[in-house]
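Keep in mind that this is a model prediction, so the values were computed, not measured.
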Amino acid sequence: GPISRQELDACLAAQAQSRKKLGQLLVDNDYINEDTLYPILAEKLGMEYRRFEHTDVDHQLTYLVSERFAERNLVLPLKLNYEEELLEMAVSDPTNLQVRDMLDSVAEAQGAELKLVLAGPSRLRESISYAYSFNKQMEMDLEEMEIEADWEEGDARSEITITEDL
């Protein structure tokens with residue numbers, strides 16, 4: 001149900017003592033959940049809210065921002081549409097102008113306009129973790145395949161040389 005005046009006052013008092021945003025305090029105290037809060041915030045900010053799944057993320061776009069940057073700022077590239085020249089990025093805090101400027105630069109380097117979509121922090125954390133671990137696993141699998149392929153190519157003429165005396 002709605003938040004009581006007492007709950008709101010408690011969060012406002014906590015906000016005065018911390019650097020957290022009111023919405024995050026409401027979520028942290030279980031007065032509201034992200035799936036309720038973020039669509040309301042998106043509407044207030046004139047943005048699209050996106051409750052996406054891991055499968056909605058183009059894992060090939062993770063090269064656009066480092067994993068560390070994504071985790072620290074809760075941003076994730078979702079889709080790059082070359083025809084529309086549009087890069088969609090999920091963010092949890094579209095009011096961070098420094099991050100927004102950096103993402104604008106990333107989009108510009110791709111020859112695209114930036115479209116920010118709002119997403120809840122917990123979903124972003126999960127998706128960032130999944131997307132970057134997915135790519136790491138793919139890279140490891142590819143490296144293993146290359147090593148096996150190299151070994152098979154040179155199998156007949158491969159020699160092991162010991163360079164130290166035992």
Side-chain angles (χ1 to χ4, degrees), residues 1-3 8 11 14-15 18-150:
I3 300 163
L8 180 60
C11 287
Q15 185 184 30
S18 71
R19 298 183 66 190
K20 287 189 172 184
K21 295 186 181 222
L22 179 60
Q24 190 57 51
L25 289 167
L26 292 167
V27 170
D28 290 349
N29 287 292
D30 292 324
Y31 298 142
I32 191 170
N33 66 41
E34 287 182 2
D35 290 333
T36 302
L37 174 65
Y38 277 81
I40 295 167
L41 288 176
E43 188 177 325
K44 294 281 183 203
L45 294 168
M47 295 181 69
E48 177 185 339
Y49 169 74
R50 182 92 48 92
R51 189 171 190 267
F52 57 89
E53 301 299 325
H54 302 307
T55 54
D56 298 328
V57 178
D58 184 346
H59 300 286
Q60 294 179 13
L61 295 179
T62 54
Y63 75 92
L64 294 174
V65 294
S66 71
E67 183 175 9
R68 184 175 178 192
F69 182 84
E71 288 171 342
R72 276 192 168 170
N73 298 291
L74 294 179
V75 301
L76 184 64
L78 296 177
K79 183 178 175 184
L80 180 57
N81 186 324
Y82 290 102
E83 289 175 16
E84 295 179 20
E85 298 178 345
L86 193 66
L87 173 62
E88 289 185 0
M89 297 279 263
V91 297
S92 71
D93 182 7
T95 64
N96 186 331
L97 298 180
Q98 188 175 16
V99 169
R100 199 175 185 142
D101 286 346
M102 294 175 92
L103 298 178
D104 272 329
S105 297
V106 168
E108 191 177 307
Q110 300 301 311
E113 289 286 320
L114 178 65
K115 177 184 177 183
L116 295 180
V117 297
L118 194 61
S122 59
R123 182 159 309 273
L124 269 170
R125 279 187 198 92
E126 287 173 22
S127 295
I128 289 166
S129 175
Y130 182 82
Y132 286 90
S133 64
F134 178 86
N135 278 1
K136 285 178 192 169
Q137 186 60 49
M138 290 297 293
E139 287 172 15
M140 287 172 40
D141 290 348
L142 285 173
E143 286 175 14
E144 282 181 25
M145 289 171 45
E146 287 173 9
I147 290 169
E148 288 174 15
D150 287 347

Check: Tyr31 main-chain N/O paired with Asn29 side-chain donor or acceptor under 3.5 Å: no
Can you measure from CD1 (Ile128) to CZ (Arg72) and round to the nearest 0.5 angstrom? 13.0 Å
Sub-3.5 Å donor-acceptor pair from the side chain of Tyr38 to the main-chain atoms of Tyr49, do we have one? no
Within the 4.5 Å heavy-atom criterion, are Val117 and Met47 side-chain neighbours or not? no
Hey, what do you get for OG1 (Thr36) to CD1 (Ile40), rounding to the nearest 0.5 Å? 6.5 Å
Evaluate whether atom CE of Met102 has more than 12 neighbouring non-hydrogen atoms of other residues, nucleotides or ligands under 6.0 angstrom away. no
Got a second to check how far Leu26's CG is from Ile3's CD1, nearest 0.5 Å? 4.5 Å
Tell me whether Thr62 contacts the main-chain N or O of His59 through its side chain, where contact means a donor paired with an acceptor under 3.5 Å. yes
Could you check whether any side-chain heavy atom of Ile32 comes within less than 4.5 Å of a side-chain heavy atom of Val27, counting everything from C-beta outward? yes
If you take all heavy atoms of Asp28 and Lys20, which pair is closest and at what distance? OD2-NZ, 2.7 Å
side-chain contact (heavy atoms from CB on, under 4.5 Å), that's the test. Do Leu22 and Leu8 meet it? Break it down for me. CA-CA 9 Å; Leu22 179 60; Leu8 180 60; 4.1 Å; yes
Determine yes or no for a side-chain-to-main-chain donor-acceptor pair under 3.5 angstrom, with Gln15 supplying the side chain and Leu25 the backbone. no
Is there a side-chain contact between Val106 and Leu114 (heavy atoms, below 4.5 Å)? no
If you count every heavy atom of other residues, nucleotides or ligands that lies below 6.0 Å from Glu43 atom CD, does the total exceed 12? no
In terms of heavy-atom contacts, does CZ of Arg50 have more than 12 from other residues, nucleotides or ligands at under 6.0 Å? yes
At their closest point, which heavy atom of Pro94 faces which heavy atom of Leu118, and how far apart are they? CD-CD1, 3.5 Å
How many angstroms lie between atom CD of Glu88 and atom CG of Leu61, to the nearest 0.5 angstrom? 10.5 Å
pair Asp93-Lys21: side-chain heavy atoms closer than 4.5 Å: yes
Asp35 side, atom CG; Arg123 side, atom CZ - distance, nearest 0.5 Å: 6.0 Å
So which atom in Val91 and which in Leu103 form the shortest heavy-atom distance, rounded to 0.1 Å? CG1-CD1, 3.9 Å
Nearest heavy atoms of Gly111 and Glu85, plus distance in Å: O-CB, 3.6 Å
Are any of the side-chain heavy atoms of Gln24 and Pro121 separated by less than 4.5 Å? yes
Any side-chain heavy atom of Tyr132 sitting closer than 4.5 Å to one from Leu76? yes
Dump the intermediate steps for side-chain contact (heavy atoms from CB on, under 4.5 Å) on Glu48 and Lys115, then the final yes or no. CA-CA 9 Å; Glu48 177 185 339; Lys115 177 184 177 183; 2.7 Å; yes
So how far is it from Asn81 CG to Glu113 CD, rounded to the nearest 0.5 Å? 12.5 Å
Return the minimal non-hydrogen interatomic distance between Leu124 and Leu74, and the atom names on each side. CD1-O, 3.2 Å
Work out which heavy atom in Leu87 is nearest to a heavy atom in Ala112; give both atom names and the distance. N-CB, 3.9 Å
